[in-house]
2 protein chains.
Amino acid sequence: MQEIAAEAGVNQALLHYYFRSKEQLAQAAFARAASQLMPAVIAVMASDGELEDKVARVVAVELDHLSRVPSLPGYIIGEVTHRPERARQLILAMAGASPDDIRPRIFGALKAQIDARVAAGTMRPIAPHTFMVNLMALCIFPFAARPMLMAMLGLDAQGFAQFIARRREELPAFFLGGLRP
Amino acid sequence: MQEIAAEAGVNQALLHYYFRSKEQLAQAAFARAASQLMPAVIAVMASDGELEDKVARVVAVELDHLSRVPSLPGYIIGEVTHRPERARQLILAMAGASPDDIRPRIFGALKAQIDARVAAGTMRPIAPHTFMVNLMALCIFPFAARPMLMAMLGLDAQGFAQFIARRREELPAFFLGGLRP
DNA sequence: GTCTATATTTCGATAGAC
DNA sequence: GTCTATCGAAATATAGAC
């Protein structure tokens, strides 16, 4: 609380005036972060448009956005791991609706598009869940594991940014390639 | 410290006797966790054997292991995000050697194998870094984001386990599929 | 709404008996 | 090595002036 107050240029009493307790401040911070984890990803996936274009757009939007707040995924994952009850709030903040309401909207459209591709023989069957998880994993994980990857690959901040920039171009082809029959 | 002592069935004084401070206890816990994040992955990747077999073995070993400690990735990611200086210790604990020593061992062998496949026309070019990051992402992310995915996909613990079990079978084909020319 | 000052609680660390 | 008891520091929450 002291650190936060100092960084905000106020004192602890004011934080308490606005948030009433440390826990409620933590929840507010988490809610704001959660709403920024997957900007428009759900909207994109639920929208009309060719599957391949959706993938390309999700990758581009997501990597561009996370490049601006690279530690966001690590923060959210740490928080949700430590307090699993936040998971529901996370989905709610991401999508603006409850998990039960969101699920059909995303996975309904996605399943129909996958089925169409499979029927046309241009795609192997894949569960919509798996499709989404793989896409999220390939986009989000490099940021979540950023300090680890920087150490492992011997990159500084600039080198990491370049790594992501290349990824932005290559990832759609890699992802869609994994789905070819 | 109180919670940890209670769970361990001892008291705080004994924790201090063994670890001297909270920070040193945290480091010890982190080091132990780090050594379990990617069991044998580095060994497998640096070993002889066909690339396709390595991928299949890494996926199998990693998913089997993380299924037994599903919150390990989330803990490590949270810790490294909050304290990036732990990243070096993470690599060291994972591989038993410094990042600078490990890098050539993994990526040297990997690069040679990729180059051979590319020359034979059976694989698109891919940077060894990207290869490793994609593989790690697809294996580790589902566990790191487990509470979030459970909420998003509407799974309980058993449903998540089944999701991973299917993943164990499907992931190698998806991953290698993304590399075909 | 924002501050200073302070009360209250929690927590990490230590002393010392066994 | 393990415990009980306690010190001292730190942090959160509150009171009250402006």
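The figures that follow rest on heavy atoms only: side chains count, while hydrogens, waters and symmetry mates do not. Each chain gets a letter, A, B and so on, in the order the sequences are listed, and its residues count up from 1.
Comparing C:dC3, D:dC3, C:dA13 by their nearest atom to the side chain of A:Ala13 picks out C:dC3. Of the candidates C:dC11, D:dA13, C:dA13, the closest approach to any side-chain atom of B:Ser21 belongs to C:dA13.
By the 4.5 Å heavy-atom criterion applied to side chains, A:Met152 and B:Arg103 are not counted as neighbours.
As a whole-Å value, the separation of B:Ile4 CD1 from C:dA13 P is 11 Å. Put simply, OH on A:Tyr18 is 6 Å from C1' on C:dG1, counting in whole angstrom units. Put simply, CD on B:Glu3 is 8 Å from P on C:dC11, counting in whole angstrom units. A straight line from CE of B:Met1 to C1' of D:dC3 spans 16 Å, rounded to a whole angstrom. Put simply, CZ on B:Arg20 is 10 Å from P on C:dA13, counting in whole angstrom units. Taking atom CG on A:Leu14 and atom C1' on C:dC3, their separation rounds to 9 Å, with Å as the unit. Atom-to-atom, CD of A:Gln24 to C1' of D:dA13 comes out at 13 Å; the value is rounded to the nearest Å. In this structure, CD of B:Glu23 is placed 16 Å from C1' of C:dC11, rounded to the nearest angstrom.
Residue B:Tyr17 places none of its side-chain N or O atoms closer than 4.0 Å to OP1 or OP2 of C:dT14. A sub-4.0 Å separation between OP1 or OP2 of C:dT2 and a side-chain N or O of A:Asn11 is absent. Residue B:His16 places no side-chain N or O under 4.0 Å from the OP1 or OP2 atom of C:dG12. The shortest distance between the side-chain N/O atoms of B:Gln12 and the OP1/OP2 oxygens of C:dG12 is not below 4.0 Å.
Between A:Ser67 and A:Ile164 the shortest heavy-atom distance is OG-CG2, 3.7 Å.
With respect to A:Glu23 and A:Arg86, a salt bridge is recorded, a charged nitrogen being found less than 4.0 Å from a carboxylate O. Remark: A:Glu79 engages A:Arg83 in a salt bridge, criterion side-chain N to carboxylate O under 4.0 Å.
Note: the hydrophobic cluster containing B:Val59 also contains A:Ile126 (ILVMFWY, side chain heavy atoms under 4.5 Å, direct or indirect links).
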